Amino acid sequence: LKYLEWVELDFESCSNLSDIAVIHLREGLKLLSSLKVFKLNMSSCNISDIGLLQLSNGIQKLKKLHRVYLSFDHNSMITSQGLKELGKALMYLPNLVELNCLLGNCPNISDEGVNSLAGSLTSMTKLASISLSFQSCGLVTDNGINKLSLALVDLTDLKKFSFDIENCKEIGGKSIMQLFQCLATLPTMTQISVYFKECPKIDDDFLEKISFCLPLFGSLTTITVQFDGCSSVTDMGVVKFMQACSVVPKLNYLNVSFMWCSEITDNCLFPIAIAIQNILPLEHLILDFRMCPKISNNGMSFFLQQLPK
């Protein structure tokens with residue numbers, strides 16, 4: 001096994017797996033000195049900070065690792081202390097270029113954990129891709145997002161950033177605006193994916209703040225944003241966001257979801273169509289208006305007539 005370069009292990013929803021399994025995994029990792037890609041899914045298991053510490057002890061010795069994918073969604077015994085230990089371990093990986101860390105529905109993850117991870121990120125200067133999920137982590141607030149934003153400024157090779165804060169009720173517009181402003185300072189940033197589903201503080205003012213930042217991205221080619229279930233979003237916010245997308249100079253892929261946004265009406269469709277016409281490099285467009293009850297047949301017909309021929 002010492003020549004093995006790629007390992008994927010998926011134990012999702014194996015509810016009998018606990019920290020003991022991770023201890024055995026740590027011992028196995030000692031044999032994989034050539035490992036470059038490691039993917040581990042232990043979502044919906046029974047893992048605690050002890051297991052995360054044991055995994056961290058194993059990972060930090062794999063000096064050739066380029067890509068790490070770790071999913072511990074729905075492990076309620078994981079806290080900020082476990083995330084802190086993981087962040088410290090990742091600092092020992094000098095060749096790491098891709099980090100995926102999914103901790104959705106871990107209710108004991110707080111700003112303390114996010115701050116610790118942010119501090120560790122500043123040492124991972126070769127990172128080109130980051131994907132983080134704190135979905136439904138209700139203790140993560142604007143303070144944690146601000147710390148994370150400042151850490152990203154040091155990652156000058158970063159090209160892709162994905163961030164899931166679905167149902168995070170304490171995160172608002174100012175911190176996300178700072179996040180986008182910090183990402184816009186990175187000349188290599190080409191892809192952004194952000195998921196705001198069912199975040200109660202997402203409203204038109206929030207969309208306006210994000211819209212202010214989008215034209216600052218000189219190299220951005222791909223935008224994926226989800227506003228599903230954000231009931232305070234109206235036509236005004238939608239139009240401002242789409243108009244901001246129209247002035248991103250290199251944008252060729254746009255995927256925006258407004259599913260279950262009940263205040264969106266036919267009135268936004270004409271300015272959206274005009275904005276789309278102005279995105280000259282656009283090759284791939286996805287707009288999701290499912291479950292928007294105020295959009296009618298007439299609005300859809302008029303919208304389609306305005307799209308570029």
Side-chain angles (χ1 to χ4, degrees), residues 1-12 21-43 47 51-73 78 82-104 113-114 116-134 148-149 151-164 179 182-183 185-195 219-222 224 253:
L1 293 179
K2 65 179 181 178
Y3 299 112
L4 204 61
E5 294 186 354
W6 186 305
V7 170
E8 295 186 38
L9 301 172
D10 194 338
F11 298 108
E12 182 175 353
V22 185
I23 293 173
H24 293 311
L25 176 60
R26 179 202 64 191
E27 295 303 307
L29 289 175
K30 292 179 180 179
L31 306 174
L32 306 179
S33 58
S34 297
L35 198 63
K36 294 181 179 179
V37 179
F38 180 54
K39 298 186 177 185
L40 175 65
N41 185 358
M42 299 194 78
S43 299
I47 309 303
L52 217 52
L53 173 61
Q54 297 302 319
L55 178 66
S56 300
N57 289 339
I59 284 179
Q60 68 183 18
K61 298 175 183 178
L62 302 176
K63 304 301 183 183
K64 294 184 180 181
L65 270 181
H66 288 179
R67 298 168 58 191
V68 173
Y69 178 102
L70 302 173
S71 179
F72 288 95
D73 293 336
I78 290 178
L83 183 55
K84 180 179 180 180
E85 296 300 330
L86 178 61
K88 289 194 294 186
L90 294 171
M91 294 171 63
Y92 286 92
L93 305 179
N95 297 304
L96 193 64
V97 296
E98 180 178 347
L99 172 62
N100 302 273
C101 186
L102 310 183
L103 291 161
V114 177
S116 296
L117 179 62
S120 299
L121 285 175
T122 58
S123 302
M124 306 177 206
T125 55
K126 292 185 178 180
L127 278 175
S129 176
I130 296 176
S131 179
L132 301 174
S133 174
F134 298 110
L148 176 64
S149 301
L152 295 174
V153 174
D154 295 326
L155 305 181
T156 55
D157 289 336
L158 193 63
K159 298 179 176 65
K160 302 177 183 179
F161 183 74
S162 177
F163 195 44
D164 188 346
L179 174 65
C182 290
L183 290 172
T185 66
L186 303 175
T188 56
M189 180 57 57
T190 60
Q191 298 183 28
I192 290 180
S193 302
V194 192
Y195 304 92
S219 301
L220 197 61
T221 63
T222 301
T224 300
Y253 180 100

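Because the structure is a prediction, the values reported are computed rather than measured. Starting from 1, each residue takes its place in the sequence as its number. Values reported hereafter were calculated over all heavy atoms of this structure, with side chains retained and with hydrogens, waters and symmetry mates removed.
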Determine whether Val68 and Leu62 satisfy the following criterion, side-chain contact (heavy atoms from CB on, under 4.5 Å), listing intermediate values before the conclusion. CA-CA 11 Å; Val68 173; Leu62 302 176; over 6 Å; no

Looking only at atom types and distance, does a side-chain atom of Ser219 sit under 3.5 Å from a main-chain N or O of Thr190, one as donor and one as acceptor? no

Looking at Ser123, is its backbone amide N or carbonyl O close enough to the side chain of Asp154 to form a donor-acceptor pair, meaning the two atoms are under 3.5 Å apart? no

Of all heavy-atom pairs between Gly104 and Asp73, which one has the smallest distance, and what is that distance? N-OD1, 2.6 Å

With Arg26 via salt bridge (charged side-chain N to carboxylate O under 4.0 Å, His left out) - residues at least two apart: none

To the nearest 0.5 Å, tell me how far Lys88 NZ sits from Asn57 CG. 9.5 Å

Would you say the side-chain atoms of Asn100 pair up with the backbone N or O of Leu102, donor to acceptor, closer than 3.5 Å? no

How long is the span from the CG atom in Leu220 to the OG1 atom in Thr222, to the nearest 0.5 Å? 7.0 Å

Measuring from atom CG of Leu86 to atom CG of Leu103, what distance do you get when rounded to the nearest 0.5 angstrom? 7.5 Å

Let me see the working for Val194 and Leu179 under side-chain contact (heavy atoms from CB on, under 4.5 Å), right down to the final yes or no. CA-CA 11 Å; Val194 192; Leu179 174 65; 5.6 Å; no

Run the salt bridge (charged side-chain N to carboxylate O under 4.0 Å, His left out) test against Lys159 and tell me which residues pass, sequence neighbours left out. none

Which heavy atom of Asp157 sits nearest a heavy atom of Thr188, and at what distance? C-OG1, 3.4 Å

First locate atom CE of Met91, then atom OG of Ser120, and finally report the distance between them rounded to the nearest 0.5 Å. 5.0 Å

So which heavy atom on His66 is nearest to which on Leu96, and how close? O-CD1, 3.4 Å

Minimum side-chain heavy-atom gap Leu148-Phe163 below 4.5 Å: yes

Find the distance between CG (Leu117) and CG (Leu99) and round it off to the nearest 0.5 Å. 7.0 Å

Thr122 OG1 to Leu127 CG distance, which is reported to the nearest 0.5 Å: 10.5 Å

Check Lys2 against Ser33 and note the closest heavy-atom contact, atom names and distance. O-OG, 3.9 Å

Side-chain contact, heavy-atom cut-off 4.5 Å: Arg67 with Trp6? yes

Going by the rule side-chain hydrogen bond (donor to acceptor under 3.5 Å, both in side chains), which residues pair with Glu5 if we only count those two or more places apart in sequence or in a different chain? none

4.5 Å side-chain heavy-atom contact, Phe72 and Leu55: yes

Note: Leu52 and Leu83 closest approach over all heavy atoms is CD2-N, 3.8 Å

Which pair of non-hydrogen atoms, one from Leu121 and one from Leu155, has the smallest distance, and what is that distance? O-CD2, 3.2 Å

Can you confirm whether Tyr92 is buried at OH, in the sense that more than 12 heavy atoms of other residues, nucleotides or ligands lie under 6.0 Å from that atom? no

Can Leu40 and Phe11 be said to form a side-chain contact (heavy atoms from CB on, under 4.5 Å), step by step? CA-CA 8 Å; Leu40 175 65; Phe11 298 108; 4.2 Å; yes

Taking Lys64's backbone N and O only, do any of them form a donor-acceptor pair with Asn95's side chain (distance below 3.5 Å, no angle check)? no

Before giving the answer on side-chain contact (heavy atoms from CB on, under 4.5 Å), spell out for Met42 and Val22 the whole-Å C-alpha distance, their side-chain angles and the decisive distance to 0.1 Å. CA-CA 10 Å; Met42 299 194 78; Val22 185; 4.0 Å; yes

